[in-house]
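Below, chain A is the first sequence line, B the second, and so on; all start at residue 1. Side chains are part of it too, since the values below use all heavy atoms of this structure and drop only hydrogens, waters and symmetry mates.
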Amino acid sequence: MKPGEVNLGTSLMAVTFKGGIVIGADTRTTSGPYIVNRVTDKLTPIHDRIFACRSGSAADTQAIADIVRLYSEMYSVNFGEDPTIRTAAALFHDICYQNKNALSAGIIVAGWDKYEGGSVYCIPLGGSLHKQPFATAGSGSTYVYGYCDKNFRENMTQQEAVDFVKNGIALSISRDGSSGGCIRIATITEAGVDKIFIPGDQVPTFWNKS
Amino acid sequence: MDYNGGTVLAMAGKNCVVVGSDKRLGVQNLTVSTEFQKVFPVTEKCYIALPGLATDVQTLSELFRLKCNMYKLREEREIEPLTLANMISSTLYGRRFGPYFCEPIIAGLDKNNKPHIYGMDLIGCLNYPDDFTVAGCAEAALFGMCESLWEPDLEPDELFETASQALLSAADRNSLVGWGAVIHTM
């Protein structure tokens, strides 16, 4: 990060459930300690049922997402059907790996397609690609490894998955200074994308007294 | 000053003062506590607010508690705000070349109930404002908020509201500040 560069401090989660995926993020963008945007949308649409969750340098991840969105649109024109999540993730992976020395980007690609159903792909800093049942990313993710390992189950219902993500992000926010503000959640299924916004005063709270 | 986080402010009104702080204690971007005290009573009518490195916040609060208690025993009266400010200033300058990383703020009423607020830098340079004084991580944001919200001769309830809104809004724009706020009105 260069001085003055804007950072998506961030807590991100993505989880598969029976029927699709749920993704969630906090809404804080920082430049050093200063909060540049406290209502950021870090869940970026790439295609109709493909989203990318962005963490790391805001500029880098925006630029990469714009390129992959272009390629995804062209894919539909050239091949006559929507790209799969695996394809979109591969496009992200290629850019992140080939430019690993210049980029500071931790991205989760998630969505629904007709071949695999819901899938989650995590691309951490070095540009490796990992298909996982659930993934976390961003500086706040380190505080919820235990929570996620304990509470994740395969084939949850949609509501269980939303609660899992909401609580995970809320826990990250409560410990990570670079994460905060509100929570944005998106559910992606065959039916489409459903975005939920949880304002700051409705974020779940946990034990925090000395 | 950016290691543990935290910010404080003090404002003067009509025969009253307020002093307030946030409640966060962190280690860089990890939040460790949401109940960390930064405003300490010195006498019934005088409070000090200590933002900055948390270890110095605690050490200085205990040091000034000692010094004020000794003052009371020797002088057989409570310390006045201006005297306390000068005492704190001398203490900090005593460590001129290895300073405490703390920028104290003093707020209180003197024996005639006239409002006093003072601020200083980490090596004891005193500031004698008649409106407000700010310190800590979000001081830049607080300057903007106080400059626009403060007006002279506010009553205690209005002064409390003004200080609260300034502190909360400034805290919302700094990732090392927040997790609640405390305001003391005198």
Side-chain angles (χ1 to χ4, degrees), chain A residues 1 3-12 25-40 42 55-56 58 104 106 137-147 169-183 199-201 203-210, chain B residues 1-9 21-40 51-55 57-58 61 101 103 134-145 164-182:
Chain A
M1 302 287 299
E5 199 180 342
V6 162
N7 181 27
L8 297 171
T10 304
S11 306
L12 300 174
D26 72 306
T27 62
R28 180 173 285 185
T29 310
T30 53
S31 178
Y34 175 61
I35 300 172
V36 172
N37 188 349
R38 56 195 178 114
V39 284
T40 323
K42 304 179 188 180
S55 75
S104 175
S139 52
S141 66
T142 57
Y143 303 108
V144 290
Y145 285 143
Y147 170 81
I169 300 288
L171 283 164
S172 304
I173 285 175
S174 78
R175 284 290 181 179
D176 181 27
S178 306
S179 305
C182 314
I183 301 179
D201 57 354
V203 168
T205 54
F206 305 91
W207 176 89
N208 69 351
K209 297 268 178 275
S210 58
Chain B
M1 298 291 281
D2 273 4
Y3 185 71
N4 294 122
T7 205
V8 301
L9 88 167
S21 76
D22 71 318
K23 290 167 68 173
R24 181 181 179 272
L25 169 71
V27 174
Q28 293 185 325
N29 64 359
L30 166 64
T31 303
V32 168
S33 171
T34 55
E35 299 288 334
F36 188 68
Q37 186 182 5
K38 300 176 188 95
V39 179
F40 302 92
L53 196 63
T55 181
V57 167
Q58 292 187 326
S61 75
F101 292 106
E103 295 184 338
V134 301
C137 278
E139 63 184 359
L142 274 172
F143 272 125
M145 288 306 304
S164 312
Q165 291 301 327
L167 190 53
L168 258 29
S169 298
D172 277 350
R173 279 289 177 178
N174 194 301
S175 50
L176 305 178
V177 175
W179 288 114
V182 179

Please check if the side chain of B:R173 supplies one atom and the backbone of A:Y34 the other of a donor-acceptor pair under 3.5 Å.
-> no
Would you check if the side chain of B:T31 reaches a backbone N or O of A:D176 as a donor-acceptor pair within less than 3.5 Å?
-> no
Heavy atoms only: give me the nearest [X]-[Y] pair and the separation to one decimal.
X      : Y      : value
B:S175 : A:G177 : CB-O, 3.0 Å
B:D172 : A:I35  : O-CD1, 3.0 Å
A:S178 : B:N29  : OG-ND2, 3.1 Å

Select one option (side chain, backbone, both, neither) describing which atoms of A:R28 are under 4.5 Å from chain B's heavy atoms.
-> side chain
Would you say the side chain of A:S174 lies within less than 4.5 Å of the side chain of B:W179, judging by non-hydrogen atoms?
-> yes
Select one option (side chain, backbone, both, neither) describing which atoms of B:D2 are under 4.5 Å from chain A's heavy atoms.
-> side chain
